[in-house]
Amino acid sequence: AEDALKELLKDGDISVGISAAKALAKLGNNYALISSIAQLKNSCWEQRYHAAAILEHVGSAEAVPALVQALHDQNWKVRASAALALGKICHTGAVPSLGTCLQDDDIYVKVAAAKALSCFEIFDGVLALTENLQHSSEEVRREAVGAIGEIGGPEVAPVLQRGLDD
């Protein structure tokens, strides 16, 4: 059964890979963790993205250094997925790198970093996302408002009100 689950990690459907990784973890098998960390160095961005997504669900502190490195990936989907994985693992060693991601050019990476930082009860991400409430793109504004609302925290209500007023 474990060999079949290991093969399913390679499935093109990310939800299948995540389910297989969770099943392996429940069996006490850390193959998904080890192989996903290795896949973060794959030349194909889709494989790196899948690896980061799997680590979001089965990651441990062991994955933190590789995920921090993935925050510098050339592909925004990989960076965003790595940030979400670090938020799920919630290891304080990731905080400085996640803070840097709040300055990323891509709104989805900023949102992921802000959400990740909220697990540490660091709400700097809300302030970093406020500049996007005035962005010319409706999609960027919508993502910023959604993320700010999801993150919550003491300063969210006035920030969202300012965004609605504008």
Side-chain angles (χ1 to χ4, degrees), residues 12-15 17-18 21-22 33 36-166:
D13 182 344
I14 195 163
S15 63
I18 289 170
K22 286 180 178 180
L33 175 67
S36 294
I37 289 171
Q39 284 296 315
L40 286 174
K41 294 182 181 183
N42 192 297
S43 61
C44 174
W45 75 265
E46 291 161 325
Q47 292 299 317
R48 296 190 308 273
Y49 168 70
H50 282 223
I54 287 171
L55 289 170
E56 180 181 352
H57 296 278
V58 298
S60 71
E62 187 177 336
V64 170
L67 287 166
V68 165
Q69 196 67 20
L71 293 174
H72 303 287
D73 196 277
Q74 61 192 12
N75 185 282
W76 70 266
K77 288 183 178 181
V78 175
R79 294 192 309 274
S81 188
L84 291 172
L86 287 166
K88 194 75 149 214
I89 295 168
C90 210
H91 188 280
T92 56
V95 170
S97 296
L98 288 168
T100 301
C101 287
L102 294 174
Q103 304 307 314
D104 197 281
D105 291 335
D106 188 273
I107 183 62
Y108 297 106
V109 176
K110 285 182 183 182
V111 166
K115 288 178 180 178
L117 285 168
S118 70
C119 91
F120 302 98
E121 296 188 2
I122 298 172
F123 299 104
D124 295 353
V126 171
L127 299 175
L129 290 172
T130 58
E131 69 187 49
N132 294 290
L133 295 175
Q134 306 303 319
H135 199 278
S136 60
S137 166
E138 181 181 338
E139 180 182 5
V140 169
R141 290 192 310 271
R142 186 177 34 239
E143 286 296 321
V145 167
I148 291 169
E150 188 177 323
I151 291 167
E155 65 279 322
V156 167
V159 169
L160 288 176
Q161 186 60 48
R162 279 195 310 269
L164 292 173
D165 290 344
D166 297 331

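Since the structure is predicted, the reported quantities are computational estimates derived from the model, not experimental observations.
Across all non-hydrogen atoms, the minimal contact from Val109 to Ala80 is CG2-N, 3.9 Å. The minimum heavy-atom distance between Cys101 and Ala113, with the atom names listed, is CB-CB, 3.5 Å. Minimum heavy-atom separation, Ala83 to Ala116: O-CB, 3.2 Å. The heavy-atom pair separating Ala63 from Leu55 by the smallest distance is CB-CD2, 4.0 Å. Closest approach of Val78 to Tyr49, counting heavy atoms only: CG2-N, 3.7 Å. Listed here is the closest heavy atom pair of Ser81 and Ala53: OG-N, 3.2 Å.
Distance check, rounded to the nearest 0.5 Å: CG of Leu98 to NZ of Lys115 gives 13.5 Å. The CD1 atom of Ile148 sits 4.5 Å away from atom CG of Leu133, with the distance rounded to the nearest 0.5 Å. Put simply, NZ on Lys88 and CG on Leu86 are 12.5 Å apart, with the number rounded to the nearest 0.5 Å. The NE2 atom of His135 sits 7.5 Å away from atom CD1 of Ile107, with the distance rounded to the nearest 0.5 Å. Summarising the geometry, atom CG belonging to Leu71 is positioned 6.0 Å from atom OG belonging to Ser97; distances are rounded to the nearest 0.5 Å. With rounding to the nearest 0.5 angstrom, the CG atom of Asp104 is 10.5 Å from the CH2 atom of Trp76.
Counting heavy-atom neighbours within 6.0 Å of Asp13 CG, excluding the residue itself, gives a total above 12.
Arg48 places a side-chain N or O within donor-acceptor distance of the main-chain N or O of Ser43, the cut-off being under 3.5 Å.
The residues Asp106 and Arg79 are annotated as not salt-bridged, no charged nitrogen and carboxylate oxygen being separated by less than 4.0 angstrom.
Side-chain atoms of Ser60 and Leu33, non-hydrogen and from C-beta on, do get closer than 4.5 Å to each other.
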